[in-house]
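Notes follow the structure.
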Amino acid sequence: MTQDGHLAISGNADLVMVRQQVRVVAVEAGLSLIDQTKIVTAASELARNALIHAGGGRVSIVVVEDGRRRGLRLTFSDEGPGIPDLDRALTDGFTTAGGLGLGLGGSRRLVDEFDVASAPGKGTTITATKWARG
Amino acid sequence: MTVHADVARRRITELLGSADEQILRRWSTIAQASADELRELYQALRNSLAHEGDDLTDVRGLLAELSRSRARQGYTPSDTARAVYSLKEAVYESVEDDGGADALRGFIWFSRLIDDLGLYTIETFATAREKVIMDQAEQLLELSTPVVKLWEGIVAVPLVGTLDSARTQVVMEKLLQILVDTGSEHAVIDITGVPAVDTQVAQHLLKTVVAARLMGAECVISGISPQIAHTIVTLGIEFGDIVTKATLADALAYTLRCSGIEFSERRHTRIAVRTEDA
Amino acid sequence: MERVPILKLGDILIISIQIDLDDQSVLALQEDLADRVVSAGARGVIIDISAVEIIDSFIGRMFATIAGMCRMLDAETVVVGMRPAVAITLVELGLSLGGVRTALNLEKGVALLDHLGDRGTPR
């Protein structure tokens, strides 16, 4: 983990690191066991996406607060080729890498807020937030 | 703090001390409360004003107590606040008697202080209310979600009352955990006591059944009222191959059959033996 | 990379996943298992995931692949001990295990394999 809370994603072993670190911070943010599992799974999908499509990237994991509740925000960024057709990429079953095509759409369902910023040739930044319940 | 303000403030504190019995009596008359009830509060206020630094912790504690006890007696929060505000009137009479510029200037400061304390009683009231509501919501969640064992390997969740998304989620998580803990391969979700479901709740029910299947257990949904059946079909929610039964009894019979347990009804059959041939 | 041990009990192979699976371990496990099914002549494979805290689409796909592979080698696969949180997450993710059989725990998994064996053709 670097100084500013970023975690590099450059190889298969990093996926495990990302999952473990997200779990630690999710516990810190007060997420329930089920919500921890959901955000860790989403992180695993998104980290693998960055690895497969962009050859790597990085993620920042932070605890956020909006006055009433606490949550966890993940920001994945890469300098890859970007996503040409976002709507199609978010559709279940659409894949360009021979996977199941659940990564992006599935991750969106696992979190409360999901935002993708991408342009061809300019890389991709995905922000996913999960709030603690109750 | 300017020298003027400091002097003004000291004057009020002195007045509160020298005319204490008179002020207290007036206060209790205007506030329509017993002098005993107010004396402790009055003393605490005097004490904290006499010391530098405005430490109002004791006063706030007593106010919170007063606010609670008055709420129990059926006073509205406005009544309590008004009782606190009436101290201004009582003190003003003493200030008028004094007539000095310092006392009058000090009264403005005192008045602002009492305003804050009055608002504090309202805040206390609201906080207490909120806590009661939150406790009740939590209790409701706990109370209304029993998971009962029907038979070895069969558990049931009788859902009663209106289901919202949060409650359905809690019940379902609890059900799945109990399947693991008890090693039950069958679960009956009975919604006889549920007046209505919306799309989200129906989706949660469906997801639970699918999740249970992933874990190696089967769920049956029973007690679907005609209205709910109508809603589900109208909303276009696909129940697919999920087993539904009209009543809890039907669901139990079905799950027992699935677990390989068979019941035979006792029949009284007469066998007529023909003796002629013998 | 860590390798997941494969245990043999009669004609059943048991895999208990106790580590945080990385993608390499998943692929290695698939290969190891295929070899063992053939060399041991196993008729059943049980994958115990009661210690697994998350299953993403890659790991989920492994179960379907293993089951399909074992079926071709004439062995049935049962995944046992999935945690509720994992099951709920898989449903939300939209991932089905592609017809993989599941059981609540190891014991029930063995019972399920016995049951399937009884029904199948004698060997």
Side-chain angles (χ1 to χ4, degrees), chain A residues 9-24 26-27 31-53 56 74 76 90-95 97-112 114 128 130 133, chain C residues 1-5 16-32 47-69 77 79-100 102 104:
Chain A
I9 304 163
S10 53
N12 262 317
D14 293 333
L15 294 191
V16 177
M17 276 294 294
V18 169
R19 292 204 288 248
Q20 285 168 352
Q21 192 58 35
V22 170
R23 169 82 65 178
V24 169
V27 172
L31 263 59
S32 71
L33 178 64
I34 303 233
D35 289 340
Q36 286 170 32
T37 310
K38 285 181 181 173
I39 189 84
V40 174
T41 308
S44 187
E45 297 291 337
L46 295 173
R48 183 174 292 107
N49 269 354
L51 198 59
I52 293 174
H53 296 287
L74 306 178
F76 287 85
L90 282 163
T91 312
D92 278 354
F94 176 76
T95 174
L100 288 172
L102 286 172
L104 221 45
S107 306
R108 181 165 65 167
R109 280 192 298 274
L110 289 175
V111 298
D112 298 322
F114 193 81
K130 186 98 195 155
R133 263 187 278 163
Chain C
M1 184 190 75
E2 292 182 79
R3 280 194 123 80
V4 180
S16 182
I17 300 173
Q18 303 285 343
I19 57 163
D20 202 338
L21 283 174
D22 66 64
D23 296 4
Q24 287 303 313
S25 310
V26 167
L27 296 174
L29 175 62
Q30 275 171 217
E31 284 171 30
D32 291 354
I47 308 174
D48 173 30
I49 54 166
S50 55
V52 173
E53 287 179 337
I54 78 136
I55 292 179
D56 61 8
S57 60
F58 194 86
I59 303 172
R61 189 158 56 149
M62 168 187 79
F63 297 131
T65 309
I66 287 180
M69 206 168 62
T77 309
V79 171
V80 305
M82 186 185 294
R83 295 181 178 194
V86 172
I88 290 173
T89 303
L90 281 183
V91 174
E92 210 77 53
L93 190 63
L95 189 70
S96 69
L97 293 185
V100 178
T102 54
L104 284 172

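Lettering follows sequence order; numbering is per chain, from 1.
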Distance check, rounded to the nearest 0.5 Å: C/Thr89 atom OG1 versus A/Ile39 atom CD1? 10.5 Å

Using the test salt bridge (Lys or Arg N to Asp or Glu O under 4.0 Å), find all partners of A/Asp14 that sit at least two apart in sequence or belong to another chain. none

Side chain to side chain donor-acceptor pair (under 3.5 Å) filter on A/Arg48, not counting sequence neighbours, yields C/Asp23, C/Asp56

Distance col, row A/Arg19:CZ vs C/Ile54:CD1, nearest 0.5 angstrom, shows 4.5 Å

Testing A/Arg108, A/Lys38, A/Arg109 for salt bridge (charged side-chain N to carboxylate O under 4.0 Å, His left out) with C/Glu92, which one passes? A/Lys38

Let me know if C/Leu90 has heavy atoms under 4.5 Å from chain A in its side chain, its backbone, both or neither. neither

Checking A/Leu15 against C/Asp22 for the side-chain contact (heavy atoms from CB on, under 4.5 Å) test, could you report, in this order, the C-alpha distance in whole Å, the side-chain angles of both residues, the deciding distance, and whether it holds? CA-CA 7 Å; A/Leu15 294 191; C/Asp22 66 64; 5.9 Å; no

Ranked by heavy-atom pairs below 4.5 Å to chain C, first place among A/Ile34, A/Asn12, A/Val40 goes to A/Asn12

What closest approach, in Å, do C/Ile55 and A/Thr41 show between heavy atoms, and which atom pair accounts for it? O-CG2, 3.5 Å

Any non-hydrogen side-chain atom of A/Leu33 less than 4.5 Å from a side-chain atom of C/Arg83? no

